[in-house]
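Because the structure is a prediction, the values reported are computed rather than measured.
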Amino acid sequence: MTRSRSSGPGPAVGPGPEPEPGPEPEPGPEPNEPGPEPGPRLPWRKSLLVRLLITSVAIAVVSVGATAWLAVQTTTRAIQEERGQVLSDDIDILRRLSGFAATHPDWNGVQDSVRTLSRTTGRRIALTTGSGRVIADSADRGTALPARASAVVDPLRTDTYTQPGAQLDGVDPRAVGPYLLPAAERADVEARAEKRLACMRHHGSDGRIVRVPGGRSVIGPPAGAGGAAGAGSDDVPLECADGVLNTPTPTEKKALAELTKLTDACLEHERERDRDVSRADTATDVPDFKAALDLPMVMSLKRDPVTQRCLEEARRTQLGPYVAPVASLYLGSPGRQPSGLDLSPANKAKIVGVTGLVLAVTVAMTAAVAIRLVRPLRALTAAARQPPQRHARVAVTTDDETGYLAAAFNDLTARRERMEAQRKAMVSDIAHELRTPLTNIRGWLEVTRDGLLAPDPGLIASLHDEALLLQHIIDDLQDLADADAGTLRLHREPVPAEELLAQVAAAHRTGAETARVRLRIRAGSGVWLDADPVRMRQTLGNLVSNAIRHTPAGGTVTLTARREDGGRAAVLAVEDTGSGIAAEDLPHVFERFWRAEKSRSRRTGGSGLGLSIVRQLAAAHDGTVTVSSEPGAGAVFTVRLPLAPAPDSPAP
């Protein structure tokens with residue numbers, strides 16, 4: 001036979017048999033009880049279905065209108081950006097090819113540059129001579145050229161180079177020809193520039209060295225100050241203006257002499273053609289210009305039209321052998337795109353038709369979904385209006401949020417039904433537990449009042465025991481009520497587990513000796529708890545008294561304390577050698593007023609609340625309590641609590 005698990009003082013002494021109340025009948029609905037009243041009829045404007053329809057239509061209208069407006073705006077902007085990007089790519093292609101032509105005497109090797117530019121920009125690029133012979137093409141051989149050339153690549157007449165110093169319809173600044181300095185002269189000019197810059201910084205001025213396409217180093221403005229190369233030359237202190245930096249090198253002198261010769265020949269031809277042009281009006285003196293070393297600046301100086309024209313022609317003649325021949329540039333286009341959306345009547349009709357279709361589909365789908373949502377909600381409303389004692393449930397017909405709500409409603413109803421049954425059982429149990437000591441006290445007092453029994457010390461002690469039992473039951477109920485309400489107060493402090501077990505064993509040693517049960521303690525050193533010592537003694541005391549009560553004479557009750565989970569948890573265990581607990585009773589041992597004896601006899605002692613209090617106190621200490629047992633092999637109750645550091649050890 002299995003035993004019960006409870007805690008409390010020993011059996012009461014009374015004059016008569018203990019009354020055993022019968023089972024309390026489950027209340028049901030009254031025969032003439034009226035059914036649920038129908039709820040008020042909702043106005044159509046407050047109906048969930050109507051609200052869903054209005055919301056869906058409004059969302060659809062706003063969505064369609066916003067989408068159409070956004071599509072028009074986005075498409076127009078994208079087309080404009082695409083056109084701008086295409087124009088930028090075309091300018092960059094022409095600039096790069098002009099740079100190639102300015103630094104090469106022919107087009108040999110341009111095929112690789114064309115293919116690289118084509119991959120980078122995603123455009124087809126082709127170069128042809130004036131007669132139409134293909135020089136380079138990024139497309140496959142035999143592919144037809146576009147109908148018209150996009151530009152002409154001529155470094156001697158260009159307006160696409162956007163670097164400082166470029167002129168409209170002028171010479172590409174990268175075309176330097178005979179003005180390109182050799183390595184030795186570059187190093188010499190760079191040394192002069194560094195000397196000039198050091199002198200400027202010494203006298204409070206600043207600048208930076210800039211190398212122009214011809215290889216000459218000049219003093220420019222400081223980084224971030226803007227301006228073209230050589231712009232800082234006017235700010236040179238007098239101490240640093242030695243005139244050495246801008247002195248032409250032998251290579252430049254030779255090129256400038258050739259430029260002067262070509263210019264003079266042009267001017268002589270102009271004078272022969274136009275007798276009104278005199279030598280004084282057409283003096284070139286190109287080598288005497290301080291800025292002659294920067295050829296683009298030479299070309300921008302103000303002169304009479306004849307001299308300016310002759311100087312430009314002379315420079316083109318001089319640079320002609322050093323640049324590639326004129327070529328035509330063909331750029332492939334994926335097709336002409338419209339700059340915006342053409343909202344013709346046909347397009348407007350399409351927009352109106354699509355909008356109407358979207359609205360119709362939205363209304364139909366919303367109506368179907370809303371009806372599916374409203375039907376189970378109405379069933380839930382009807383079930384919720386049923387009388388509480390009927391515990392009405394609804395059918396779960398969908399596998400969505402509404403179905404989950406119905407399932408949750410059924411679970412809530414089942415829990416409410418179980419709680420109602422537990423409440424009734426608890427009221428019956430409390431009445432039964434309080435009736436027993438009160439009946440004993442009343443019986444003994446009536447016998448004494450009638451003079452049938454003298455109030456001797458034994459009678460007074462028996463009545464005192466019954467009062468203590470009654471007080472114990474009330475205290476247990478108060479502890480459970482505080483734990484349920486969350487008002488159970490704990491006064492935590494570091495508690496050594498070894499000392500706690502010793503105190504509990506000392507408190508129950510007399511009862512154990514009376515029952516001829518041996519108490520043993522096995523506690524590891526260094527096991528500390530952050531707990532309320534009074535509540536922990538109450539917890540272990542309930543377990544020890546319960547174990548002593550269900551351990552036969554000659555048995556043993558062992559209290560142990562150890563570490564677990566890698567030193568993160570303290571384990572307190574109470575093990576006995578009693579009769580054990582049946583497997584089907586293990587899930588119920590911590591329930592209130594539960595006993596394995598169905599007769600609810602109190603001969604084994606206890607109120608049936610001790611183990612429930614143990615579970616509540618363990619949970620209040622952030623711990624757990626478990627039980628393991630087999631019939632005839634005793635039981636082990638295990639309390640697991642967080643391990644606390646010793647007071648003299650550093651906190652982790």
Side-chain angles (χ1 to χ4, degrees), residues 91 94-95 97-106 129-130 149 151-181 212-216 218 228-231 233 246 248-249 251-329:
I91 294 175
L94 186 56
R95 183 181 65 84
L97 293 178
S98 178
F100 183 93
T103 55
H104 295 78
D106 51 41
T129 63
V152 175
V153 182
D154 184 3
L156 300 181
R157 291 177 177 82
T158 179
D159 58 354
T160 60
Y161 190 62
T162 58
Q163 297 297 325
Q167 308 91 40
L168 294 177
D169 196 22
V171 178
D172 194 312
R174 293 168 292 186
V176 293
Y179 298 92
L180 182 63
L181 300 182
V212 297
R216 166 171 284 275
V218 298
S233 58
N246 295 326
T249 65
T251 300
E252 292 170 337
K253 289 180 179 179
K254 181 180 178 181
L256 288 173
E258 182 182 0
L259 178 62
T260 303
K261 182 178 179 181
L262 293 173
T263 304
D264 288 339
C266 176
L267 291 175
E268 185 65 26
H269 177 72
E270 290 292 335
R271 282 193 293 269
E272 293 177 357
R273 191 176 63 177
D274 189 353
R275 301 299 179 181
D276 296 333
V277 179
S278 63
R279 286 187 177 272
D281 296 334
T282 58
T284 57
D285 61 1
V286 173
D288 296 332
F289 284 114
K290 177 182 178 182
L293 304 180
D294 189 356
L295 296 180
M297 188 175 293
V298 173
M299 304 304 297
S300 63
L301 294 177
K302 298 296 183 181
R303 299 181 182 86
D304 64 280
V306 177
T307 304
Q308 183 70 23
R309 185 172 64 253
C310 283
L311 186 58
E312 291 176 357
E313 291 297 330
R315 189 183 180 197
R316 291 191 177 97
T317 302
Q318 184 184 30
L319 298 177
Y322 299 93
V323 300
V326 178
S328 298
L329 174 63

Dump the intermediate steps for side chain to side chain contact (heavy atoms under 4.5 Å, CB included) on Leu319 and Val171, then the final yes or no. CA-CA 9 Å; Leu319 298 177; Val171 178; 3.7 Å; yes
If only atom types and distance count, is the side chain of Ser98 paired as donor or acceptor with the main-chain N or O of Leu94 below 3.5 Å? no
So how far is it from Asn246 CG to Glu252 CD, rounded to the nearest 0.5 Å? 9.5 Å
Could you tell me whether a side-chain N or O of Gln318 sits under 3.5 Å from a main-chain N or O of Ala255, the two making a donor and an acceptor? yes
Considering non-hydrogen atoms only, spot the tightest contact between Ala175 and Val323 and give its length. CB-CG1, 3.9 Å
For side chain to side chain contact (heavy atoms under 4.5 Å, CB included), just list the numbers for Tyr179 and Leu259, CA-CA rounded to whole Å, side-chain angles, deciding distance to a tenth of an Å, and then say yes or no. CA-CA 11 Å; Tyr179 298 92; Leu259 178 62; 3.4 Å; yes
Determine the minimum heavy-atom distance between Tyr322 and Gly177, stating which atoms define it. CG-CA, 3.5 Å
Just verifying a value: how many Å separate Arg316 CZ and Leu311 CG, rounded to the nearest 0.5 Å? 10.0 Å
Please check if the side chain of His269 supplies one atom and the backbone of Ala265 the other of a donor-acceptor pair under 3.5 Å. no
Roughly how far apart are Leu329 CG and Asp154 CG, rounded to 0.5 Å? 13.0 Å
Spatial distance of atom CG (Leu156) from atom CZ (Arg315) [nearest 0.5 Å]: 9.0 Å
Just jot down the side-chain contact (heavy atoms from CB on, under 4.5 Å) partners of Ala101, sequence neighbours excluded, or say none. Trp107, Val153, Pro155, Ala324
Can you list the residues that meet the side-chain hydrogen bond (donor to acceptor under 3.5 Å, both in side chains) rule with Thr103, with sequence neighbours excluded? none
Glu313 vs Leu262, test: side chain to side chain contact (heavy atoms under 4.5 Å, CB included). Steps then yes/no. CA-CA 9 Å; Glu313 291 297 330; Leu262 293 173; over 6 Å; no
Nearest 0.5 Å, please: how far is CZ in Arg216 from OG1 in Thr251? 10.5 Å
Is there a donor-acceptor contact under 3.5 Å from the side chain of Arg174 to the main chain of Ala102? no
Rounding to 0.5 Å, atoms CD (Glu268) and SG (Cys310) come to a distance of 10.5 Å
